[in-house]
Asks: 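There's a structure below that I have some questions on.
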Amino acid sequence: MADYDHNEKVGLRELIAFRIGEQEFCVDIISVREIRGFAAATPLPHAPNFVVGVINLRGTVLPIVDLAARLGFRPTEPTARSVVIVVRVDRQMVGLLVDAVSDILTVSDDLLQATPDIASELARTFVRGVMAFEGRMISMIAVDSVLPPSEMAA
């Protein structure tokens, strides 16, 4: 327990780092509920192109979002290494399909820098900030922007 109190005082946060293609991203561990292997999802008619479908997660219908497609990259071709990071967004649980989880990081808040002004407005919507960590550039995803407002209400 002492470590937790110490981390709070110095502004440390834990992040789950993951890969999409050659790029590395992260989300705050506080929003992560679980990490699971990818299982085939049931497609939803008229769903946005970044929604792979839904799966049954212990009796809960869980929408699966292809994070690569949501961020404007080529859609993910799921492999045996693909994982779904289950996150809570407001009161909704959402699965984020990514290529692989790469790390759990403990970083100080001052490492996170604002998304560069040259990034598009859309990029700034999804990326809360960028950090250089151990020679890697890691973008922090704003999980609350992954689903559009109309899907959040559903």
Asks: Quick one: list whatever passes salt bridge (Lys or Arg N to Asp or Glu O under 4.0 Å) with Glu134, sequence neighbours left out.
Replies: Arg136

Asks: Any chain of hydrophobic side-chain contacts (each under 4.5 Å) joining Ile35 to Met140?
Replies: no

Asks: In chain order, what residues pass the side-chain contact (heavy atoms from CB on, under 4.5 Å) check against Leu111, with sequence neighbours excluded?
Replies: Val107, Ser108, Met131, Phe133

Asks: Quick one: salt bridge (Lys or Arg N to Asp or Glu O under 4.0 Å) partners of Arg58, sequence neighbours excluded?
Replies: Glu34

Asks: Tell me whether Arg81 at atom CZ has more than 12 heavy atoms from other residues, nucleotides or ligands lying less than 6.0 Å away.
Replies: no

Asks: Who are the side-chain contact (heavy atoms from CB on, under 4.5 Å) partners of Ala68, not counting sequence neighbours?
Replies: Ile20, Asp66, Phe73, Thr76

Asks: With sequence neighbours left out, write down each residue that passes side chain to side chain donor-acceptor pair (under 3.5 Å) with Ser102, or none if nothing qualifies.
Replies: Glu24

Asks: Sequence neighbours left out, what passes side chain to side chain donor-acceptor pair (under 3.5 Å) with Ser31? Give chain and number order.
Replies: none

Asks: May I have the list of side-chain donor-acceptor pairs in residues 38-55 shorter than 3.5 Å, sequence neighbours left out?
Replies:
none

Asks: Can you get from Val98 to Val94 by hopping between Ile, Leu, Val, Met, Phe, Trp and Tyr side chains that sit under 4.5 Å apart?
Replies: yes

Asks: Any chain of hydrophobic side-chain contacts (each under 4.5 Å) joining Val130 to Ile138?
Replies: no

Asks: Could you tell me if the side chain of Val143 sits less than 4.5 Å from the side chain of Arg128, heavy atoms only?
Replies: no

Asks: Quick check for you: to the nearest 0.5 Å, what is the distance between Met137 atom CE and Phe25 atom CZ?
Replies: 11.5 Å

Asks: What is the minimum heavy-atom distance between Ser82 and Leu97, and which atoms define it?
Replies: CB-CD1, 4.0 Å

Asks: Restricting to non-hydrogen atoms, name the atom on Pro75 and the atom on Ala69 that form the minimum distance, rounded to 0.1 Å.
Replies: CA-CB, 4.3 Å

Asks: Taking salt bridge (charged side-chain N to carboxylate O under 4.0 Å, His left out) as the cut-off, I'd like each qualifying pair that reaches into residues 41-56, sequence neighbours left out, listed once.
Replies: none

Asks: Work out which heavy atom in Ala142 is nearest to a heavy atom in Ser145; give both atom names and the distance.
Replies: O-OG, 2.8 Å

Asks: Is it possible for you to say whether Met93 and Val101 belong to one hydrophobic cluster, with membership spreading through side-chain heavy-atom contacts below 4.5 Å?
Replies: no

Asks: Measuring only between side-chain heavy atoms, which start at C-beta, is Ile141 closer than 4.5 Å to Leu71?
Replies: yes

Asks: Find the distance between CG (Asp99) and CD (Glu22) and round it off to the nearest 0.5 Å.
Replies: 9.0 Å

Asks: Is any side-chain heavy atom of Pro63 closer than 4.5 Å to a side-chain heavy atom of Gln92?
Replies: yes

Asks: Just so I know, are the side chains of Val146 and Leu67 near enough to count as touching, which here means a heavy-atom distance under 4.5 Å?
Replies: yes

Asks: Name all residues meeting the side-chain contact (heavy atoms from CB on, under 4.5 Å) criterion together with Ile29; count only those two or more places apart in sequence or in a different chain, and write none if there are none.
Replies: Glu14, Ile16, Ile104

Asks: Go through the structure and list residues passing side-chain contact (heavy atoms from CB on, under 4.5 Å) with Thr60, not counting sequence neighbours.
Replies: none

Asks: Side-chain heavy atoms nearer than 4.5 Å, only ILVMFWY residues, links allowed to pass through others: does that put Val65 and Leu57 together?
Replies: no

Asks: Say whether, by atom type as modelled, one donor and one acceptor occur between the side chain of Asp28 and the main chain of Ile30 under 3.5 angstrom.
Replies: yes

